[in-house]
Each structure stands twice: as C-alpha cells, then as structure tokens.
Amino acid sequence: MHGRTRLRRLMPATLLITLAAVSLAAAAPQDTGPPADLGRTAGEAASVVEVRLADRDELDRLVATGVDLDHQVAVTDAGVEVHAVVTPSEVESLRALGFQVGDVVFTAADSERALAEREATIAAHVAANEAFAAAAYDETNPDVSDVRIVRADYYTSFGNQVLSVEAKWAQGQTSSQQLVVERDSGPGTAMGSGGTQNISRFVDAGVYLYHRGASSVSTRPEYVRITSPTGDVAVAKVEDWLSVEGEDPFKGDGYLEDFVTSYLTPTELYERIHQLASEFPALAEVVELPQRTNGYRRKAQALLDPPANRVRVDSPSPAAGEYLFAGPAGYGPGLPSGGISGSFELVDDGSGSPSEGCGPLIGFTAGSIAIADRGTCPFVQKTQNAQAAGAVALVIVNNVPGDPFSPGGSASGITIPTVMISLDDGTLIKENLPASGAVIPGVPVSNSARVGVDSHAWGHEGGTDISIEVVDPGVPSSALSVDVAGNDITVSLATNDAGARTSTAAQVRDAINASSPASALVVAYTYRGNAGGGTAPPSPRRNLSDFLDAPDTVSRDPHPVYALRIGKVRDGSKMGVLAYAQEHAREWVPPLVTVETAERLLRNYASHGPTKQLLNNLEIWIAPSINPDGGHYSFYDFASQRRNMTRHCAVNGSYDLNARNSWGVDNNRNYTEYSLFDGYDGASTSCTSDVFAGPSELSEPENKNLDWLAARPNVKFAMNLHSSGNYFMWSPGAYALPGRISAPRPTLEEESYFWGASSRILTSIKRHRGLSVTPARTGPISDVLYSAAGNSGDMLWYKYGIYAWNFEVGTQFQPPWEGPTSSSASAHQEALEFSNGLVELMRVAYDFGKDNTRPESTLSLSTSSTSGMVNVRFVTSEPAAVFYTLDGSVPTYSSTLYASAGIREGGELLTVPTGTTVHWFSVDSAGNVERNYRPDGGARNYNKQVATLGG
Ligand SMILES: [Zn+2]
C-alpha cells in the first residue's frame with residue numbers, strides 16, 4: 001500500500017490521467033482516504049457527478065484532493081471531464097476549491113430506488129410466502145390464498161439439475177387440474193424467465209394430499225410462483241436439497257471401504273458376519289436370534305394328472321425319457337391322439353447355422369421327426385422346409401432358457417405338426433442322437449377329476465423318494481384299490497361291466513387316505529376344494545417333488561437367524577442402533593448394504609478416529625437377512641419371491657404344487673402395530689397375496705426375531721432396509737379406510753428431527769456418486785408411498801419408541817453388479833452409496849447420545865385478519881417440542897403440545913386474543929429442557945410473553 005501511494009506521488013501528471021481511468025477511483029479512497037478538507041461526512045449518501053476541468057493541470061489538482069473518481073475520464077476539445085463519486089459535503093468542498101461541478105449522473109436516490117425496488121420485490125415475495133406459511137390452511141378465509149407452496153427444492157442428481165415443487169390447493173380434493181409453477185432464472189431475474197413446470201395431484205386412498213412434481217431446469221431459480229386456477233397466488237423461495245460440497249468430511253484419508261464383491265445368499269451373508277466376528281472378537285459377536293425359521297424345505301408333492309404333452313425318447317438313447325412340449329403350433333394340423341412316431345433327425349440346410357433349418361434341408365431322411373433350433377427365421381419357414389424334406393413332424397428347440405411356448409405364425413399348405421421343447425431338454429436330446437420315439441399329445445383334464453398328494457415327510461427327508469401311479473386295470477368290474485410297495489404307491493381305478501373307468505377324484509382321494517400304508521406316506525386331496533366328482537384319469541408313475549433346487553450346501557432345516565452385535569461395550573449400556581435387511585426375499589442389495597457397513601465399522605476402528613468413536617459409544621445390531629428361507633428360495637427357485645416360504649393356504653385352497661410360488665407371509669405386514677388385524681390398510685388376508693399379513697400378528701418366526709431385537713431396551717435408532725425406489729421414509733406407515741385415518745403422526749418436533757437427520761443421511765448417500773434421494777420420496781411411508789399395515793417400522797416407532805427409518809435402495813430388486821454408466825442401476829454402487837447413509841445413521845445416533853444443548857424458543861407474532869386477535873407461532877433453535885398454556889397456568893408436559901400445520905408443513909398458526917399471556921417451554925429429542933426448567937418442579941423459569949403487536 002505504501003509503495004503505491006509513494007509511486008503515485010512521484011508520477012508525472014500525464015501518466016496520472018491514465019491511471020485515474022483504470023484504477024485510481026477504486027484505489028484512492030481505500031489507500032489514503034479522502035483528505036479531511038473535502039469533508040466527507042459519515043452517513044451521507046454519495047452521488048456520481050461530472051467535474052469539468054480546463055486541462056490536465058487542473059485534473060492533477062483534482063486528483064491531489066484524493067476525491068473518489070469513477071472510471072470515466074473523457075478528454076475533449078473543451079477540456080477534461082471526469083466522474084466523481086462524492087457526497088453533498090464533498091461537492092461543496094470541490095466548489096470551494098474552484099472546481100466546476102456539473103450534472104449529477106447518478107444520485108444516491110437512484111441507487112436507493114433500485115435497492116428499494118429489489119427489496120420491495122423480495123419483501124413482497126417473502127411476505128406472500130410467510131402469509132401462506134403462517135396462515136392456517138382455511139379455504140373459508142377469503143384473506144388467504146387458496147394455494148400454498150409447501151416445498152420448493154433445487155437439487156442435482158447424477159449432475160442433472162432438478163426443481164421439485166410441492167403445493168397445496170384448496171380445490172385439490174375436487175378438481176383434478178394441474179398447477180403451473182413459474183420459475184425465475186436466478187436472483188434479480190423476472191418471474192417466468194426460467195420457464196414453467198406442471199405439478200400434479202397426489203391423491204392416495206381417495207384423499208388429496210398435495211400437488212407435486214419435479215422437472216429438469218437449466219438454471220437454479222431463486223423464486224417460484226404458482227397462480228391457482230382461481231387466480232390466487234403463492235410465491236416461495238427455492239431451497240437447496242442435499243447440496244454436497246467436496247470430500248466426505250467423515251471418511252478422510254485411508255478410510256477403508258468397498259468390501260462387497262458379489263451378491264450373497266443368506267447362507268453366505270451369515271458366513272460373512274461369522275468371519276467378521278472371529279476376526280474382530282473384541283468388537284463384535286454373532287448372536288443367534290431366539291427363533292429358527294420354518295426352514296428352506298417343503299413337502300414333496302404331485303398332481304395325479306393324465307399324461308401331458310410330451311416328446312418321448314426311447315431306449316437305448318441315453319436321453320430316453322419324456323420331455324414336456326408346448327404346442328402344437330398355431331398353424332398346421334394338430335397331433336393325432338396316439339401321437340406321431342419316428343426317428344429324430346437334426347436338420348441341416350448347409351448354411352452357417354445349419355440346424356436352424358431356414359433353407360432347404362440337405363440329406364434329410366423322409367419319414368423322420370425333424371429337430372430344428374429356434375433362431376432367426378420364422379417358425380413357418382422351418383416347418384415348410386422340414387415338410388418339403390419329408391419330415392412327419394417338427395420339434396423346435398428353444399434358444400433361450402425357460403419354458404417353451406407354442407410356435408406362432410400362419411400359412412396354408414402345412415400338413416405336419418410343429419411343437420417346441422425347452423433349450424435344456426432339446427440340447428440333451430440332440431447330444432444323444434440317433435434316437436427314436438414319438439411326439440404325443442397330452443390328455444386334457446378338468447379340475448373336478450384332479451387329485452393332489454403331499455408327502456408327510458419333508459421332501460429332503462424322504463418325501464421325494466415316494467412315487468405314485470394311477471392305472472386303468474383294463475378289465476371290467478374292477479374295484480378301486482391302493483397298493484404300496486416300499487415307497488411306490490399304485491392306485492388301480494374301478495371299472496364298470498363294460499370296462500369303463502368309474503372312480504371319481506373324490507373316491508381316489510378317499511381310497512388313498514383310507515389305505516394305511518399309503519396314508520402313512522402321503523395325504524391326498526381334491527383340487528382346490530373341488531368336490532371331485534369327475535372321473536379320475538390314469539396317471540403315469542411319477543416321483544413326488546419338493547421342487548427345491550438349492551445345492552446341498554443350503555440347509556433344509558429350520559434356519560438359525562443371525563445378527564452381528566458390534567461395539568466396544570456390548571452389555572446394553574450404550575445407545576443401541578439396529579439395521580436389518582431382507583424381510584423381503586427378492587431384495588438382494590439391502591443385505592449387502594448391511595455387511596458393507598459392518599465391515600467398514602470394524603476394519604476402520606483401529607485407524608480411523610471417528611469410527612472408533614462410534615464403536616466406543618454405540619451398540620450396533622446388524623441383521624443382514626431376516627428372512628433366509630425366502631432369500632434362498634429367491635436365489636435358487638423363484639427370483640421374484642417376496643415372502644417367507646410358509647404355506648398357510650388350506651387344503652381346500654391354493655395348496656397344490658401349482659401354487660408353490662404364491663405361498664408365504666409378507667414379513668413386513670405381520671407386526672403388531674396398526675396392522676391388518678387392527679383394521680389398517682395395505683395388507684391382505686389371502687394366503688397367496690404378496691402382502692399376506694399371515695394368520696395373526698407375529699405368527700412368523702422371522703417377525704418374532706425382529707420383535708426381540710427391537711425390544712433391546714437400549715435400541716433407540718433403526719433402519720429397515722428394502723429395495724427399490726430410492727426412498728427414505730418413516731412413520732406413519734399405515735392408515736385405515738375409508739377416510740384414510742392415519743396412524744398417529746409424529747409431533748412437529750419429531751417430524752423436524754426426522755427431516756434434519758434425513759438431510760444428513762441422504763447427503764452422505766449423495767456423496768458416493770451424486771444420487772439424490774428426492775424430497776418427493778422422503779417422508780412418512782403413507783405420505784410418499786402407500787399404506788403398509790403391520791410393517792416393522794411402525795412397530796419399532798409406536799411400540800418401542802425407536803427412531804425407525806426405512807430405506808428403499810436402488811431402482812431394481814436384482815440389478816446388474818455394475819452398470820454401463822456411473823449413474824446406472826448397479827448392485828455394487830447401490831451397496832456402497834447406501835452404506836454411506838447407514839454409517840451416517842450411526843453418527844446421527846452418536847450425536848443424539850451426546851446432545852446436551854438446551855433448546856431455545858421464541859414467539860413469532862403476526863397480524864391476524866380478525867380484529868382483536870393476533871397470530872402466534874413458536875420458533876425453536878433446533879427440533880424441539882413446545883408445551884404451552886394460554887390461560888396463565890404453569891406449562892407442564894400435560895400442557896398443549898404445539899402441532900404441525902399439516903402434512904409436510906411447518907408449525908401451526910395459533911390465533912389468540914391480543915393481550916393473551918403465553919407460557920411455554922421447549923424440550924428437544926434428547927430430553928434437554930429449555931433453561932433447565934423442571935415442568936414437575938416448583939420453579940417458574942419457563943418462557944412468558946404477552947401476545948400483542950406494535951405495542
Ligand atoms: Zn421390501
């Protein structure tokens with residue numbers, strides 16, 4: 001600074017003109033301040049004025065005064081004209097020094113007017129916003145706009161800019177109109193310059209909740225405005241949702257993570273937590289929960305149906321046997337009842353894919369049954385080529401795994417039947433040619449003629465060793481009989497004088513159940529409660545099956561359910577945090593989130609201070625798979641399995657093998673609070689429903705286990721991990737119909753606390769790769785998703801007072817491990833990002849435990865539209881409950897609790913007579929009371945204020 005001052009003094013005047021033009025105006029007042037003789041008085045407003053100078057010498061003299069010069073220096077024939085930023089006192093001083101001070105270019109008033117306009121605009125926005133926020137949502141009050149903006153959130157997700165808006169409109173229940181949201185394009189810009197977006201009604205169970213919608217934006221708006229269809233207006237300032245700056249402050253250098261390398265079955269999940277416990281015995285132990293599951297096991301079953309559509313391969317081919325087919329095709333003839341016999345022959349058309357048979361066949365033996373692979377040309381074309389080569393039938397082998405289907409197409413002149421078999425079966429047959437056999441149509445059967453059997457033994461304990469056959473004795477006047485040789489049951493049907501079969505399905509059922517050797521092995525039943533009056537058909541010998549395909553490494557016994565208990569002190573004295581996953585079997589990613597989190601906590605303990613702090617102060621329960629039976633079934637048998645494996649269907653219902661993928665209890669509907677059994681919505685009494693609540697509350701071992709975990713007295717926080725949808729939710733999770741009567745809503749204080757913790761947890765998730773769980777998917781389950789009667793989160797919250805959250809991880813149940821782009825669905829990335837969130841939950845719990853800061857609260861008063869009244873709201877320094885009285889009495893925990901204005905809104909507006917004395921105190925989530933007031937004591941150190949304005 002001194003250097004510049006000195007330099008300027010030494011400069012010739014000609015250089016100074018240039019300097020003044022570029023930098024002097026800014027530099028001079030700051031470097032030296034105006035000389036006292038110019039007389040700038042603090043508090044005066046400055047204007048920009050023209051100063052006309054005769055020549056450069058006069059400019060030098062002006063500069064020497066130290067006046068604040070603008071960048072404007074114009075040298076003209078008439079002299080030099082500069083702009084000076086001066087106050088009225090300085091103008092007088094300049095005139096006294098002989099300077100010619102000319103026009104005022106820009107006055108202080110001009111500045112003030114511009115500032116005032118801006119401030120007025122903002123004030124109007126804010127006033128409008130506060131009026132809407134402050135006013136009770138009362139459509140009968142004409143002073144209040146009929147539309148109110150509840151949330152306006154700006155965020156980025158995977159780098160895309162998004163604006164999410166939620167608003168309530170008084171006509172929302174009856175009118176289906178969308179609302180149009182106008183956006184500005186940043187501070188000081190015109191409303192509407194940022195474009196518009198429409199938001200739509202969110203109606204659930206017939207009840208209008210609010211309008212909501214998100215849209216991509218190209219710039220962050222500062223304000224949004226909604227003009228309702230009636231012309232009422234609401235304005236709101238846009239808030240930032242989950243802004244993420246820089247590196248994760250928690251992790252720091254050397255933080256260890258990314259321990260999951262593949263999906264893990266329940267067996268593997270339990271192995272993993274056992275390994276961790278044995279590696280970190282001072283920090284973790286595995287706890288077996290009290291209940292074992294019903295087991296990955298089923299009774300062996302069969303339906304005594306007549307033969308189905310089948311391709312029969314005869315001995316001596318190693319592929320000898322029968323293989324189900326689909327068809328015949330939608331074109332060409334059907335199959336004769338006796339089927340079509342012949343040698344099987346794989347087609348060859350001499351092309352690059354010769355076995356597809358898309359071209360004329362080479363060397364085919366007329367009279368054979370052609371086999372062709374499904375591929376690139378139409379089925380009809382294959383059939384035409386086979387027929388032209390003299391084939392008597394065509395068997396198409398599917399080219400993808402799964403069930404075959406009946407070939408479609410249309411053509412005239414087709415004279416041979418066409419069927420399809422599965423890829424597996426077709427491959428086996430092709431590999432074992434030459435062979436001969438037949439293509440044989442199945443025998444249709446009516447449900448009245450069907451009989452099912454179940455083994456008494458579990459499939460793996462001998463049930464699958466049992467076989468059963470129903471035969472036509474082939475002689476007239478036979479009696480119905482049941483014979484058993486070892487594990488092989490044979491039913492011989494009754495015939496009449498003419499040799500026709502006469503036994504009904506009911507009679508076959510009764511005969512099996514009346515035979516002591518047969519009934520020692522199986523129980524028989526008619527099909528789904530049918531009376532069984534139809535004539536029972538012969539049925540080929542078949543083994544009963546439990547249809548369970550998991551390898552032997554998966555136990556068939558009632559399965560222990562394990563949790564990992566983590567913490568330096570694990571005696572219940574530290575605050576407990578519970579994380580549990582896979583209530584729903586098919587949700588394969590959430591269990592990975594839990595084991596990734598467990599491993600981060602354990603492996604970082606030694607070298608990462610913040611992690612050590614967590615484990616030294618918390619007791620963390622991690623249950624990676626609540627429903628291992630369903631989980632195994634999902635991995636090995638039926639990927640879409642949601643529930644446990646237990647069949648609660650009655651023998652006259654969906655009891656037979658065809659229903660086996662529809663059994664089980666939805667573990668997340670079987671709990672005790674606000675359940676189906678209490679009359680709440682979102683669960684089913686049907687044993688085949690995917691939201692089957694079970695026969696009674698806590699009927700299932702999986703649910704009893706979670707109830708046991710939740711009952712640990714020190715557990716205060718919990719996360720129920722599900723997929724999918726990228727939701728973050730809390731209670732209430734259920735309502736009753738009609739009327740959408742919600743389970744009790746959290747208090748204003750609790751709701752505020754939930755939102756605050758959500759922000760932390762969701763910000764941690766976002767840090768991994770930029771995923772934003774949206775505001776529209778954050779909130780109470782029944783507000784943002786649907787009613788789920790009897791869910792676990794509600795039991796934890798209402799029965800045990802646990803802060804219970806729910807993740808819905810990712811966008812799919814079983815996404816690819818990695819995706820093609822960084823924002824793609826990816827099991828790996830989802831496990832890592834939601835583990836960030838689960839670790840943050842541990843930190844939320846830790847902070848809660850050490851919170852000893854007392855809340856503070858104030859009254860916010862505003863004008864009421866009713867004379868003699870005043871509007872009152874309470875403002876708290878942190879999420880805190882406010883208990884108040886308006887009758888002058890001492891506030892206690894029994895006093896009125898300050899409430900929320902409504903779903904997803906802030907505090908309610910109280911309208912009280914002017915002059916009312918308000919007595920109140922606040923208490924935060926950790927139990928800290930404002931001013932250390934003792935509501936049950938004799939002291940009077942609560943808050944007290946008279947509600948009056950302007951007075
Ligand atoms: Zn789920």
Side-chain angles (χ1 to χ4, degrees), residues 129 132-141 144-153 162-181 197-215 224 226 228-230 232 234 236 239 241 674 680-683 725-748 750-752 754-755 758 773-789 791 793-794 797 805-806 808 899-909:
N129 189 30
F132 301 130
Y137 186 58
D138 179 3
E139 62 186 274
T140 65
N141 182 347
V144 176
S145 174
D146 69 359
V147 63
R148 185 141 49 102
I149 297 172
V150 177
R151 302 185 63 90
D153 295 294
V162 182
L163 181 73
S164 169
V165 180
E166 299 175 7
K168 295 187 181 181
W169 180 37
Q171 321 295 323
Q173 182 65 43
T174 50
S175 169
S176 62
Q177 289 195 59
Q178 291 186 320
L179 297 176
V180 180
V181 179
Q197 66 194 75
N198 292 346
I199 59 175
S200 302
R201 289 196 311 163
F202 176 30
V203 176
D204 186 46
V207 175
Y208 168 71
L209 298 176
Y210 48 92
H211 278 69
R212 64 178 180 182
S215 175
V224 291
I226 295 175
S228 80
T230 63
D232 281 358
E239 304 288 340
W241 172 253
Y674 303 98
Y680 282 75
D681 189 54
N726 289 322
Y727 284 87
F728 185 69
M729 302 181 290
W730 54 84
S731 290
Y735 47 75
L737 291 176
R740 203 181 188 280
I741 310 301
S742 177
R745 302 190 66 83
T747 65
L748 178 62
E750 291 159 347
E751 184 95 15
S752 305
F754 282 143
W755 279 103
S758 302
V773 171
T774 67
R777 295 187 174 202
T778 302
I781 298 169
S782 56
D783 289 358
V784 300
L785 193 57
Y786 44 60
S787 182
N791 71 79
D794 277 350
W797 172 243
W805 281 286
N806 306 266
E808 292 281 356
S900 163
I903 293 176
R904 300 169 83 74
E905 297 185 58
E908 65 185 324
L909 186 81

**Message:** Please determine whether side-chain contact (heavy atoms from CB on, under 4.5 Å) holds for the pair Asn806 and Ile781, giving the CA-CA distance in whole Å, both sets of side-chain angles, and the decisive distance to 0.1 Å.
**Reply:** CA-CA 8 Å; Asn806 306 266; Ile781 298 169; 3.5 Å; yes
**Asked** Between Thr230 and Val147, does a side-chain contact (heavy atoms from CB on, under 4.5 Å) hold up when you go through it step by step?
**Response** CA-CA 9 Å; Thr230 63; Val147 63; over 6 Å; no
**Message:** Evaluate Ser164 against Thr774 for side-chain contact (heavy atoms from CB on, under 4.5 Å), listing each step before the verdict.
**Reply:** CA-CA 8 Å; Ser164 169; Thr774 67; 5.8 Å; no
**Message:** Run Val181 and Asn198 through side-chain contact (heavy atoms from CB on, under 4.5 Å) and show every step you take.
**Reply:** CA-CA 6 Å; Val181 179; Asn198 292 346; over 6 Å; no
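Below 30°, between 30° and 60°, or above 60°: for Trp805 and Phe728 the angle between ring planes is below 30°, a parallel geometry.
Counting heavy atoms from C-beta outward, Lys168 and His211 have side chains that stay 4.5 Å or more apart. Side-chain contact between Tyr727 and Leu785 is present, with at least one heavy-atom pair separated by less than 4.5 Å. Annotation: side chain of Pro229 is in contact with side chain of Leu179 (closest heavy-atom distance under 4.5 Å). In this structure, the side chains of Ile149 and Val224 come closer than 4.5 Å at one or more pairs of heavy atoms.
Shown here for Ala789 and Ala734, the closest heavy-atom pair between the two residues is CA-CB, 3.8 Å. Nearest heavy atoms, Asn726 versus Arg777: O-CB, 3.7 Å. Scanning all heavy atoms of the two residues, the minimum distance from Val784 to Thr778 falls at CG1-O, 3.6 Å. Among all heavy-atom pairs drawn from Ala167 and Ile199, the shortest one is CB-CD1, 4.0 Å. The two atoms that bring Tyr680 and Ala736 nearest to each other are CD2-N, 3.4 Å, heavy atoms only.
With hydrogens and angles ignored, the 3.5 Å screen pairs a side-chain donor or acceptor of Arg201 with a backbone N or O of Gly172. With hydrogens and angles ignored, the 3.5 Å screen pairs no side-chain donor or acceptor of Glu908 with any backbone N or O of Ser900. Of the possible donor and acceptor atoms, one in the side chain of Tyr208 sits under 3.5 Å from a partner among the backbone N and O of Trp169. In this structure a side-chain-to-backbone donor-acceptor pair under 3.5 Å is present from Asp232 to Asp146. Put simply, the side chain of Ser787 never gets that close to the backbone of Ser782: no donor and acceptor are under 3.5 Å apart. Put simply, the side chain of Gln173 gets close to the backbone of Gly206: a donor and an acceptor are under 3.5 Å apart. In this structure, Ser175 contributes its side chain and Gln171 its backbone to no donor-acceptor pair below 3.5 Å. Without hydrogens or angle criteria, Trp797 side chain to Gly733 main chain gives no donor-acceptor distance under 3.5 Å.
Taking Pro744 as the reference, Tyr674, Tyr798 meet the side chain to side chain contact (heavy atoms under 4.5 Å, CB included) condition, with sequence neighbours excluded. Residues passing the side chain to side chain contact (heavy atoms under 4.5 Å, CB included) test with Asp204, sequence neighbours excluded: Phe202, Leu209, Tyr735, Arg740. Here Arg151 pairs with Asp153 under the salt bridge (charged side-chain N to carboxylate O under 4.0 Å, His left out) rule; sequence neighbours left out. Taking the salt bridge (charged side-chain N to carboxylate O under 4.0 Å, His left out) definition, one finds that Arg212 meets it with nothing, sequence neighbours left out. Scanning for side chain to side chain contact (heavy atoms under 4.5 Å, CB included) contacts around Arg745 gives Pro732, Ser742, Pro780, Asp783, Ile903, with sequence neighbours left out. In this structure, the salt bridge (charged side-chain N to carboxylate O under 4.0 Å, His left out) partners of Glu166, at least two apart in sequence or on a different chain, are Arg904.
Between Ser228 atom OG and Arg148 atom CZ the span is 13.0 Å, to the nearest 0.5 Å.
Of the N and O atoms on the side chains of Glu750 and Thr747, at least one donor lies less than 3.5 Å from an acceptor on the other residue. Judged purely by distance below 3.5 Å, without hydrogens or angles, the side chains of Gln178 and Ser200 pair a donor atom with an acceptor atom.
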